[in-house]
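Everything below concerns the one structure shown next.
In this text, all values refer to a predicted model and were calculated from it rather than measured experimentally.
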Amino acid sequence: VEQGARWLQDMRGQLQQRHAAATAAADPAAQQKVREDAARCEILVARLKALRALGATAQQVLAQTRQTQAARGALAQQLAQALAAAGRNWSGRMAALAEAAQAGSGSPQLSTEAPMEIHRNLQEQVTQALAACAGLAEQEQATAATLGQLGQQIAAAREA
């Protein structure tokens with residue numbers, strides 16, 4: 001794209017020189033040829049601008065996709081580590097509480113304070129995981145929207 005921009009800049013300079021020479025020579029055929037070449041140059045300039053916009057949007061999609069991939073990895077790690085550990089801890093504590101309840105009310109393990117704290121911890125972990133999932137879904141929607149823009153730009157470039 002940058003090389004194309006330099007070529008078009010050179011082409012515009014050459015067209016100006018050719019226009020000046022054709023005007024000085026009072027050659028209508030040469031002047032017409034310069035106008036035709038200038039019109040083609042402007043078409044190329046418009047296409048180059050479209051390519052730059054496509055490139056910028058593609059870079060944006062790439063960056064968003066990388067961010068989404070990183071967020072997915074972080075969420076998977078959170079689910080695999082923190083949430084899974086909290087779930088195992090909760091399950092073990094509830095099983096101990098159920099065993100104590102079956103053993104009778106005189107058991108010292110029948111206290112519900114520790115299981116309730118573990119239950120609150122698990123709820124917090126689940127809430128955090130749900131928030132992370134919602135954030136990831138928003139990121140994915142933003143990426144999809146940018147991909148849609150890219151598709152529209154490509155379609156418009158093909159029509160031009």
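The side-chain contact (heavy atoms from CB on, under 4.5 Å) with Asp37 is formed by just one residue from the set Glu42, Gln14, Arg18; it is Arg18.
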message: Under the criterion side chain to side chain contact (heavy atoms under 4.5 Å, CB included), I'd like the reasoning laid out for Glu124 against Thr127: C-alpha separation, chi angles, the key distance, then a yes or no.
response: CA-CA 5 Å; Glu124 288 175 14; Thr127 300; 5.6 Å; no
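A distance of 11.0 Å separates CD in Glu140 from CD in Glu138, rounded to the nearest 0.5 Å. To the nearest 0.5 Å, atom CD of residue Gln3 and atom CG of residue Leu8 are 10.0 Å apart. In this structure, the separation between CH2 on Trp90 and CD on Gln123 is 10.0 Å, given to the nearest 0.5 Å. For the atom pair CZ of Arg93 and CD of Glu117, the computed distance is 11.0 Å after rounding to the nearest 0.5 Å. If you take CG on Leu136 and CD on Gln141, they are separated by 10.5 Å, rounding to the nearest 0.5 Å. Taking CG of Leu44 as the start and CE of Met11 as the end, the distance is 6.0 Å to the nearest 0.5 Å.
In the hydrophobic clustering of this structure, Val1 does not group with Trp7; members are Ile, Leu, Val, Met, Phe, Trp, Tyr whose side-chain heavy atoms approach within less than 4.5 Å, directly or through other members. Under the 4.5 Å side-chain heavy-atom criterion for ILVMFWY residues, no single connected hydrophobic cluster contains both Ile43 and Leu51.
In this structure, the side chain of Thr143 engages the main chain of Gln139 through a donor-acceptor pair within 3.5 Å.
Smallest separation of non-hydrogen atoms from Leu15 and Ala38: CD1-CA, 3.6 Å. Looking at every heavy atom in both residues, Gln125 comes nearest to Ala82 through OE1-CB, 3.3 Å. Nearest heavy-atom pair across Ala129 and Leu79 is CB-CD2, 3.7 Å. When all heavy atoms of Val34 and His19 are compared, the pair lying nearest together is CG1-CB, 3.7 Å.
A 6.0 Å sphere centred on CZ of Arg120 holds more than 12 heavy atoms belonging to other residues, nucleotides or ligands. At most 12 non-hydrogen atoms from other residues, nucleotides or ligands lie less than 6.0 angstrom from CE of Met116.
Side-chain contact annotation: Gln32 with Arg35, donor-acceptor N/O pair under 3.5 Å present. In summary, the side chains of Arg6 and Gln9 do not present any donor paired with an acceptor at a separation below 3.5 Å, with no hydrogens or angles considered.
In terms of the side-chain contact (heavy atoms from CB on, under 4.5 Å) criterion, residue partners of Ala5 (sequence neighbours excluded) are, by chain and number, Leu48, Arg52.
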Show which side-chain atoms of residues 146-160 pair as donor or acceptor with protein atoms under 3.5 Å away, not counting sequence neighbours.
from, atom 1, to, atom 2, distance (Å)
Thr146, OG1, Gln64, OE1, 2.8
Thr146, OG1, Gln64, NE2, 3.4
Thr146, OG1, Ala142, O, 3.0
Gln153, OE1, Thr57, OG1, 2.8
Gln153, NE2, Thr57, OG1, 3.2

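Residues Val45 and Arg12 are in side-chain contact: their nearest non-hydrogen atoms beyond the backbone lie under 4.5 Å apart. Two residues are said to be in side-chain contact when any heavy atoms from C-beta on lie closer than 4.5 Å; Leu83 and Gln78 fail this criterion.
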